[in-house]
Amino acid sequence: MTKPFAVSRRTAAAAVLYAPLGWALGRTPIGGTLRLTLPFVARELDPHAADDPFAALFAPALADPLFALDSDGRPYPALAADLPEDTAAGARITLRKGLTSARGKALDGRDAVFSLLRSRRLGGAAVLGELGVPRADPKDPSSFFFPDTNAVAAAVALANPLTALVPKTFSPRSPDGTGAFIATLEAGRVVFARNLRAARGAAFLARVEVTQALDLASALRAFETGAADVGFLGAGLHRPRQGAAPFEGPEYGFLVLRSGRDAKSWGAPGVAQGLVDRVPSGALRHLGVRDAGGAARAGTAWGGGPTELLVQEDAPLFRQIAEVIAPHLAGAGTIVVRALARRELVERRASGAYTLMVDFVRSAGPRGRMTMLSLLAAASPDLAARPPRAVSFEPKDVARTLPLGVVGALSFSGARSPSVAGLESFQLGAVSLG
Amino acid sequence: MRRVSAPIVTIVLILLSSLVPLVPRKAFAEPARSGCGVGRGPALSELSCELAAGLGERATGALVAGVTPTGEPKIAVRAELGARMAALVAGALGKSATAWPSTESSTRARSLGQGSRPLVLVTTRIVDTRIEVSADAYVGRETLWRRVRRGGSGPVAHAFASRPLDPEVKSFLPAVPLVAREVMKASGADRDTVALACGDADGDGAPEIAALGRRRVTIGRLRGGRVETAVERPLAALSPIAPAPLREPIAAAWFAGPGVLELGSTDRAFALRLDGRLETLAALGTRVPWPGGGCAPDGELGVGSRVTPCVAGDEAPTPAPAEGAPFDTVAGARIIGKGGTVSVVRATRTVGASNAVVTAGARTETVENAGAQLALGDLDGDGTAEVVTSLDTRDPSTDAVVVRSLLPKRGVKEWFRVPVPNGVRAISVCPLRAAAMAPIVVSTGDELWVIR
């Protein structure tokens with residue numbers, strides 16, 4: 001039996017499509033290339049990755065979730081044909097007809113089930129851990145079920161970008177989806193081109209080119225000299241670029257310190273947070289790291305002897321951050337920063353074969369319970385499936401129960417060329433060049 | 001038996017004849033609309049065709065006389081319209097019918113009957129946005145003695161027809177200036193309106209406003225400062241969401257005829273032809289209909305230029321300019337010249353451009369600083385098109401509705417502009433009016449404005 005959904009279906013149907021101001025008046029300018037130079041660029045791009053800052057910022061431009069949330073937090077269908085319906089078999093979701101990925105793959109309910117199972121296995125545990133396991137509708141290829149899940153919970157979960165729809169043939173090295181862009185990954189560069197098959201509207205921009213900077217200074221220099229249109233964390237290296245306008249982008253995740261099996265007793269829950277509590281407030285502000293929120297404490301110095309602090313090699317920003325925090329965790333020279341290729345870092349994290357590691361945890365949603373679930377899933381996906389009753393959802397407070405510490409929150413802010421419009425929400429499809 | 005005097009008999013008969021309603025001696029003929037066209041050609045031509053068909057055999061070989069035309073609201077209608085209408089009806093009746101050369105008063109016209117042939121009196125009335133014409137066929141001479149003895153004789157056949165005003169009819173009416181005398185604002189409009197159409201949706205002769213939003217389509221009127229919706233349909237029930245919509249929709253709507261509404265937007269899989277109750281008459285072949293006739297082909301970032309028939313069997317549409325596609329706005333209108341010639345005028349705006357291009361036959365004009373909202377129509381009924389545009393601005397507070405005319409030979413003249421500080425979301429031109437400029441309907445987000 002179908003049960004009415006909390007949100008009016010008429011309202012929902014209206015919101016399927018983007019509704020920018022520019023549908024009236026003069027149109028939003030179409031075309032142009034936005035150039036970015038950033039101190040972290042991935043060699044893979046995976047919408048379901050929760051440990052990759054590049055994916056946190058750019059994967060939503062490639063792939064869309066089945067639902068979206070309006071300004072009041074209510075879900076509405078995006079790639080789904082309608083809001084989920086409660087049935088005896090669980091929440092039933094039907095996809096819009098005619099969906100095609102950027103690389104030309106027809107998409108239906110089986111791709112949705114593939115995507116959700118994949119997401120659940122990867123970074124989507126924070127979002128999907130509490131829901132049932134999705135299965136295809138044998139009677140309708142465009143539909144699937146979430147057993148033992150109600151319609152509201154399903155729609156809210158499937159509005160999360162970590163649950164984005166990708167084709168069954170998805171590969172993070174050749175990413176594909178229904179988003180505003182299609183991406184090509186090159187050495188040290190990612191090129192996003194407009195996706196004319198985009199299910200929610202192709203991008204205004206023709207291209208976005210993201211080039212890897214060796215460090216933060218290089219990124220700022222690129223903006224100052226006009227080689228980039230956006231200044232990451234500033235308006236220039238030596239002096240502000242003329243005409244640059246400040247912008248404040250969204251918070252995209254947390255920088256964390258993990259303690260592994262090799263840390264022995266120093267890897268116990270809460271210890272890592274005690275270590276990062278020693279990092280003075282403001283010490284990382286120039287690197288875009290802000291106080292994450294939670295009770296401040298004096299902290300405890302590392303007492304596990306000389307060790308390595310592992311960090312991702314192709315994320316120069318994180319290397320810089322690691323260099324700053326290492327002396328605060330213990331005496332100078334006790335902890336040495338060591339950069340590893342992302343693949344090796346991921347393997348070490350999975351096996352626990354490390355002592356300390358600087359890592360990234362993507363925000364799975366707005367501050368609150370989703371913050372807690374994000375951090376729980378980062379520590380162990382099983383924890384996200386059965387979350388505890390928490391007194392506080394503040395990141396540092398949550399981290400005191402986990403083998404990781406929250407160094408701070410990361411947000412994309414800085415300066416932009418005056419011709420760049422619509423950057424604040426960092427929905428790249430809606431960005432334009434005037 | 002007491003004898004009754006002749007004057008008393010006369011008075012009684014006249015009084016009786018005025019009290020008894022005019023009862024037809026024969027059943028009145030229904031207006032025969034088939035074959036005459038409705039709203040596709042010159043109004044006078046369609047009217048005369050329909051009246052002749054309505055009178056039928058009883059008017060064969062008739063003398064056709066035009067009665068002095070009247071206007072409501074009170075308006076000075078040139079008397080020549082009566083004679084012109086009579087001549088056209090005579091022509092439509094066939095070779096043996098002839099027209100009385102001048103317009104006459106009704107009494108004088110009725111006395112023209114000769115007994116040897118039928119007399120057809122054509123009575124023309126201008127009522128706000130329409131011309132109404134009735135034709136009555138009489139046989140026999142109408143003399144005073146006959147009226148006294150038997151009362152006024154009624155017609156043996158009657159026909160009535162009505163059409164919207166067009167420039168040919170307007171040429172018999174006083175010229176109207178292109179000025180915005182009043183802006184009427186109505187609240188309660190859909191905020192997400194992407195296209196408007198203004199026309200007769202239900203065949204009652206009065207214009208309605210159709211509004212295409214992103215989730216529903218409505219037909220309604222403005223009453224007491226509010227939008228009063230008469231009928232609405234959710235778009236989800238009419239056309240599914242397009243597999244690859246544009247981020248900013250391109251939309252169009254127009255009344256292709258009385259009670260025939262065509263509308264569509266790039267949000268939806270296909271455009272629609274609906275009746276006045278918003279029931280589907282046909283699913284159209286592309287996503288956006290092109291006002292004036294035909295459908296605009298779907299494109300990647302806008303719509304294309306090769307206008308196609310919207311459904312199989314539609315007449316071949318007038319071509320659009322081949323250059324400049326893709327377009328982010330298309331507009332069009334059927335313009336009827338003073339001589340009754342019908343032409344389709346089209347306007348387009350190229351994606352990324354800030355001016356509109358208007359094409360009328362071989363003529364092309366550029367309208368500078370035109371926004372994404374365009375409408376065409378003959379606002380003053382002079383037989384040339386007016387171009388109504390928003391401004392090319394992203395700042396709503398600087399937006400405005402601008403009305404320009406195509407000059408007779410070359411060039412464009414701006415007549416007036418009305419600031420719209422909430423921004424212009426959609427524009428449409430309403431049917432011609434007898435005593436004033438055709439109203440312009442504007443969606444400003446929360447409100448509908450009527451500029452008149």
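Proteins come first, then strands; the chains are lettered A, B, ... in the order of their sequence lines, and each starts at number 1. Predicted, not measured: the structure shown is a model, and the values here were computed from it.
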side-chain contact (heavy atoms from CB on, under 4.5 Å) partner of Arg27(A), the single match among Asp392(B), Val351(B), Thr329(B): Thr329(B)
In the structure I gave you, are the side-chain heavy atoms of Leu196(A) and Leu301(B) within less than 4.5 Å of one another anywhere? yes
Should we say atom CD of Glu248(A) is surrounded by more than 12 heavy atoms from elsewhere, each under 6.0 Å from it? yes
Best-contacting candidate, Gly31(A), Gly429(A), Ala430(A), Gly434(A), against chain B by heavy atom pairs under 4.5 angstrom: Gly429(A)
Just wondering, more than 12 heavy atoms not from Glu279(B) lying within 6.0 Å of its CD? yes
Heavy atoms, side chains only, cut-off 4.5 Å: are Arg394(B) and Thr28(A) in contact? yes
Where is the tightest heavy-atom contact between Gly98(A) and Pro243(B), given as atom of each residue plus distance? O-CB, 3.3 Å
Shortest non-hydrogen pair, Ala199(A) vs Pro245(B), comes out as O-CD, 3.2 Å
Of all heavy-atom pairs between Ala180(A) and Arg247(B), which one has the smallest distance, and what is that distance? CB-NH2, 3.4 Å
Using 0.5 Å steps for rounding, measure from the CG atom of Leu246(B) to the CZ atom of Arg200(A). 14.5 Å
Answer with side chain, backbone, both or neither: which region of Leu235(B) has an atom nearer than 4.5 Å to a non-hydrogen atom of chain A? neither
